[in-house]
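To keep things clear, I will list the structure first and then write my remarks on it.
Since the model is a prediction, treat every value here as computed from it, not as a measurement. By convention here, the first residue in the shown sequence is residue 1.
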Amino acid sequence: MWAVQKAYRDFVRFIHVRYDWTEGQETVEKLNMRARGAILAQKAPELSYEVFRTAAKAHEGIDAQPDLKAKKKYAAAHSTFRTDVRDTCTVSYVGQTDWGGMADYINSVYTITDGNLVVEINALPDKFCLSFQMMLSGDRGALDVFCRILKEYGLPFTLTEQMPRYLPDIRLP
């Protein structure tokens with residue numbers, strides 16, 4: 001567990017659910033069943049440990065490089081995301097975080113993530129916050145379908161206005 005004690009990076013792990021275009025007319029229940037199966041298979045402890053070891057080894061290799069140029073070259077060659085499957089949509093569930101005494105004062109939690117279509121879920125003790133992110137201008141098709149399904153299942157939600165996502169302009173030396 002040396003890597004966890006000294007870690008200053010996230011150990012992000014993508015779990016992929018493969019759908020193909022022929023499944024577009026399937027029921028939500030069938031699609032959920034497929035997602036649950038993929039998640040259960042990919043979160044098996046023996047696989048999770050190996051993914052963690054690979055990420056820790058890549059982090060240690062980057063840190064061992066003498067300068068930024070060498071670190072960037074090593075990171076590009078040993079990226080843990082380099083061979084990842086590219087999905088149409090990414091679902092990110094942060095989970096139930098222990099907010100302690102702050103929980104009573106938090107109205108919403110939104111994590112900035114990257115992707116063409118991202119559904120980010122963060123849990124609070126009495127509710128969860130869902131951020132639906134699209135890298136599209138003006139096309140609300142996917143969002144409208146998502147809201148329609150929530151309504152069909154009787155799930156209450158509040159839709160806020162569309163907001164542009166501004167990321168800081170970080171430039172490495």
Side-chain angles (χ1 to χ4, degrees), residues 1-23 31-100 102-103 106 108-125 127-137 139 142-143 146 163-173:
M1 294 288 81
W2 172 88
V4 171
Q5 293 169 353
K6 296 185 73 175
Y8 55 90
R9 299 177 184 90
D10 290 337
F11 283 89
V12 175
R13 168 126 183 263
F14 294 111
I15 293 184
H16 302 281
V17 181
R18 258 302 176 216
Y19 297 110
D20 62 45
W21 291 107
T22 64
E23 296 172 299
L31 295 173
N32 283 342
M33 183 178 68
R34 184 174 177 123
R36 280 192 300 274
I39 291 167
L40 288 172
Q42 292 175 63
K43 74 173 194 155
E46 58 276 8
L47 179 59
S48 296
Y49 295 149
E50 188 55 39
V51 171
F52 172 80
R53 285 187 197 102
T54 302
K57 184 177 176 183
H59 292 176
E60 291 167 4
I62 293 168
D63 291 340
Q65 303 309 306
D67 56 33
L68 182 60
K69 184 176 181 179
K71 287 179 188 297
K72 288 167 44 176
K73 184 176 180 181
Y74 184 93
H78 297 89
S79 172
T80 55
F81 303 117
R82 189 176 184 83
T83 57
D84 261 349
V85 177
R86 298 296 179 222
D87 293 325
T88 305
C89 175
T90 302
V91 177
S92 176
Y93 175 66
V94 174
Q96 183 71 45
T97 302
D98 183 5
W99 297 102
M102 294 186 337
I106 299 173
S108 60
V109 179
Y110 300 100
T111 307
I112 297 175
T113 57
D114 282 330
N116 293 330
L117 180 59
V118 179
V119 179
E120 181 76 29
I121 304 168
N122 291 276
L124 288 165
K127 62 185 163 219
F128 66 91
C129 303
L130 188 140
S131 179
F132 194 98
Q133 301 175 39
M134 298 182 296
M135 293 185 73
L136 304 169
S137 58
D139 182 4
L143 178 60
F146 188 77
M163 296 176 283
R165 182 175 68 184
Y166 297 109
L167 297 177
D169 185 19
I170 299 173
R171 296 173 194 260
L172 296 174

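Electrostatic pairing of R53 and E50 counts as a salt bridge here, judged by a charged N lying under 4.0 Å from a carboxylate O.
Between atom CD1 of residue I62 and atom NZ of residue K73 there is a gap of 14.5 Å, rounded to the nearest 0.5 Å. How far NE2 of H78 is from CD of Q65: 8.5 Å, rounded to the nearest 0.5 Å.
Across every non-hydrogen atom of L47 and A41, the tightest pair is CD2-O, 4.3 Å. A pairwise comparison of heavy atoms in Y74 and K57 identifies OH-O, 4.3 Å as the closest pair.
Not one N or O on the side chain of K71 forms a donor-acceptor pair closer than 3.5 Å with the backbone of P66.
Counting heavy atoms from C-beta outward, R34 and E23 have side chains that approach closer than 4.5 Å.
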